[in-house]
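Worksheet for the structure shown next.
Order of the sequence lines fixes the chain letters, A, B, ..., with proteins taken first and strands second; residue numbering starts at 1 for each chain.
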There are 4 protein chains.
Amino acid sequence: MSTGGGYGDADKRQKILDSAFAVFTKKGYQQTKVDEVAQLAGIGKGTVYLYFPSKEELLREMLKAMIKKNLSELKKRMSEEEHPLAKLKVMYATHASLLQENPSLAQLHIHDFAFVNEAFRAWLEQEKADFMAYIARIVEAGIKTEEFRPVNPNLAAALIISCLSVFLPPYGSDTFSVDDVLDILHYGLCQSLPPRP
Amino acid sequence: MSTGGGYGDADKRQKILDSAFAVFTKKGYQQTKVDEVAQLAGIGKGTVYLYFPSKEELLREMLKAMIKKNLSELKKRMSEEEHPLAKLKVMYATHASLLQENPSLAQLHIHDFAFVNEAFRAWLEQEKADFMAYIARIVEAGIKTEEFRPVNPNLAAALIISCLSVFLPPYGSDTFSVDDVLDILHYGLCQSLPPRP
Amino acid sequence: MSTGGGYGDADKRQKILDSAFAVFTKKGYQQTKVDEVAQLAGIGKGTVYLYFPSKEELLREMLKAMIKKNLSELKKRMSEEEHPLAKLKVMYATHASLLQENPSLAQLHIHDFAFVNEAFRAWLEQEKADFMAYIARIVEAGIKTEEFRPVNPNLAAALIISCLSVFLPPYGSDTFSVDDVLDILHYGLCQSLPPRP
Amino acid sequence: MSTGGGYGDADKRQKILDSAFAVFTKKGYQQTKVDEVAQLAGIGKGTVYLYFPSKEELLREMLKAMIKKNLSELKKRMSEEEHPLAKLKVMYATHASLLQENPSLAQLHIHDFAFVNEAFRAWLEQEKADFMAYIARIVEAGIKTEEFRPVNPNLAAALIISCLSVFLPPYGSDTFSVDDVLDILHYGLCQSLPPRP
DNA sequence: CATGAATGAGTATTCATTCAT
DNA sequence: CATGAATGAATACTCATTCAT
């Protein structure tokens, strides 16, 4: 039966991760008590330790899960578009809508969680680097089709990713429209044409 | 007398703030021990409490001092330029050079420090809002002189500020040049001209 | 199971109260370390805080428990007597024997414990007032049966209670006999008869 | 000159003792800060240590001074009376009036101050013993003149001293009259005559 | 498997005392 | 003599983790 063996486990583990996300994003690491996570998950405190060896590891697993899930959603929707410009647009739109659907996500950016250990930091930087490379490849494709100017693809990727933060507090996700952001990103601030070297 | 007369107090307070900056940025709030700050300042632990009522308040005062100092330096240099484009350029250049001179500054962006109280959070958002308004006014000036396209000045300001983060880890301040960043910010990613509505 | 089932909690709480009584009466509040109370109770320091929210509250609870227990013992034995004189006699005898059985009780009168909060002070004064009223009613009964002279019952009660202190240090409970004390209390110091107004 | 040498010292020492009395009786030992005593005396904190080697010693000196002063006043007035009954009456009257003039005195009885060291405790018990002996001699004199019954003079003295506490809180010094107290002390509670052995 | 009672390491803060001025 | 800035010892309390049931 589906309720018999390993299923219950995965369900409970997921329930713990969900509670952990809720509490960690609301209170930050130090203010989060394992008790509270357990209670929110409707289980005993000791049970948390059957699934995660420590509070730190629980945080790391939760962060990994959230980041993976969101990046994967982002990439999935982007992959459904072919055109570089369309990919960027769907990325921004997806990012904005994910934040709007789940405002707690914004806390992941605000709370540090930086004390997580070196291994996690490395994993996180790798994920960022991978994602930046992914965006850089899109930029390169755009440059190749001459839609984009011959900019440094890595820098462009870094800027594209940085600009996602305009949808985070304190600006708020309601303030700016995706199209307006893309307008500036695509055509720049200046009236004039770029200098010809 | 030592150096001036009555200066001792302010000197010692500043010395404590400096030590606090060094230790807080290196270790984060929880891992920072008041003892360590005191030792680095070359004073006794109790002395810290003659100048600051608590470890939390010490952090807040240190953050305020650093933010004020850096924003003030930024604005001072920007005010020496008249042209909007020149102002932005000097802002990016100053930001990059401040980070290069003092890499610990980058930690201010990374560490959590989220427990800072509501009063501090309010102060910080006000500072951010003020700075964004300051940038927005520069953009407006650029629009008026028709150097800039008629974009939303607040959005432009938010993007300009967001893009400063490309000089922070994990990208690193060595990776990208100020001119390259400004090139993309000014002329956008696209080869084509913006759509005419 | 240990002894009963669910009794463990109350047992441990009582064990902590007993240890607290021993240490607080021996050392006073400030010199008492929570660690020491815990060790004497044979438990960990943290466990004390599962039963009492603070060291102060532990003291208050201990004091309340001791006072209640002793007053209750006093009243119980007094209620078994009918005659006012017999009641007073059993009160003095019980008081003296309680102090002899447990000399630490005397410390409750000697130690400061002054920081006890307003709520406790109010409770304590109420207990004292209740007990004084109880004694005053006994005096009134004695006056009605004309065993006692028509004295102010409240004053008589206050004096009767005050005189209990001759069994406390530094006089010591061995020095004076209950009968001798009662003799003076009943018939006064004077040879002559009281003045007739 | 009178202001030159030792006079200023004695004045300041006394001023410190007065402040110490005020603060210690109001707050108890632990809650009293040396700073506060110094400020009330209008001097610097360090100056206290020119006159008293420690906070504890300051408390002891203050207590000694107050006790000596009050006992001496008591004895002085009692010595002006010849008759045992008159001596007791003036003792009670003086005690009640001293408490009324300076309610803080009552705190000396309420606050423990028992942690003061062994030497002080010994001194205090000696003073008490001396005073009890003094009262006992008065009782003996009364017995000799057959005004008093042949009671144990030490017990009588202990009871006489114990009964002084009816003028202390929580009973309050306004509640009971000296004459009423003496009436009970002299003629006892009972209507009947004491048993003849 | 699940629980939650028990544990004890770890740290900010106070304030009596000192001593350079 | 007088001061008060500086010191640092001393301690209650929290909460992640364990393990007997």
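Not a single ring pair (Phe, Tyr, Trp, His ring centres under 6.0 Å) links F52(B) to another residue, sequence neighbours left out. Shown here are the salt bridge (Lys or Arg N to Asp or Glu O under 4.0 Å) partners of E127(D), two or more places apart in sequence or in another chain: there are none. The side-chain contact (heavy atoms from CB on, under 4.5 Å) search around N102(B) returns F21(B), S104(B), L105(B), not counting sequence neighbours. Residues meeting the side chain to side chain donor-acceptor pair (under 3.5 Å) test with Q14(C), sequence neighbours left out: D18(C). E57(C) is linked by a salt bridge (Lys or Arg N to Asp or Glu O under 4.0 Å) to R60(C), counting only residues two or more places apart in sequence or in another chain.
Residue K12(B) places its side chain closer to dA6(F) than to any other of dA6(F), dA16(E), dA5(E).
Looking at which nucleotide of DNA chain F each of T32(C) and P53(A) is closest to, the 5′-most match is held by T32(C).
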N/O donor-acceptor pairs under 3.5 Å from side chains in residues 32-40 of chain A, not counting sequence neighbours:
{"residue": "T32(A)", "atom": "OG1", "partner": "V23(A)", "partner atom": "O", "Å": "3.4"}
{"residue": "T32(A)", "atom": "OG1", "partner": "G28(A)", "partner atom": "O", "Å": "2.6"}
{"residue": "K33(A)", "atom": "NZ", "partner": "Q30(A)", "partner atom": "O", "Å": "2.9"}
{"residue": "E36(A)", "atom": "OE1", "partner": "K27(A)", "partner atom": "NZ", "Å": "3.3"}
{"residue": "E36(A)", "atom": "OE2", "partner": "K27(A)", "partner atom": "NZ", "Å": "3.1"}

Would you be so kind as to tabulate the donor-acceptor pairs closer than 3.5 Å made by side chains of residues 64-72 of chain C, with sequence neighbours excluded?
{"residue": "N70(C)", "atom": "ND2", "partner": "M66(C)", "partner atom": "O", "Å": "2.7"}

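Taking a 4.0 Å limit (strictly below) on heavy-atom distances, residues 41-50 of chain A reaches DNA chain F at K45(A), Y49(A).
Distance D35(C) CG to dG8(E) C1': 9 Å, rounded to the nearest Å. Atoms NZ (K55(C)) and P (dT14(F)) sit 15 Å apart, rounded to a whole Å. Straight-line distance from the CG atom of D9(A) to the P atom of dA2(E): 7 Å, rounded to whole Å. As rounded to whole Å, 10 Å separates atom P of dA16(E) from atom CD of E36(D). Following rounding to the nearest Å, Y29(A) (OH) and dC15(F) (P) show an atom-to-atom distance of 12 Å. At whole-Å resolution of the value, CD in E57(B) and C1' in dA12(E) are 15 Å apart. Distance Q31(C) CD to dA10(F) P: 11 Å, rounded to the nearest Å. Atom C1' of nucleotide dA6(F) and atom CD of Q39(B) are separated by 15 Å, given to the nearest angstrom.
One finds no salt bridge joining K128(B) and E125(B) here, because no Lys/Arg side-chain nitrogen approaches an Asp/Glu carboxylate oxygen to under 4.0 Å.
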Strand DNA chain E as a dot-bracket string - pairs counted if Watson-Crick or G-U with both distances under 3.5 Å, | where the partner lies in another strand: .||||||||||||||||||||

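Atoms CD1 and CD1, on I16(D) and I43(D) in that order, are 3.5 Å from each other to the nearest 0.5 Å.
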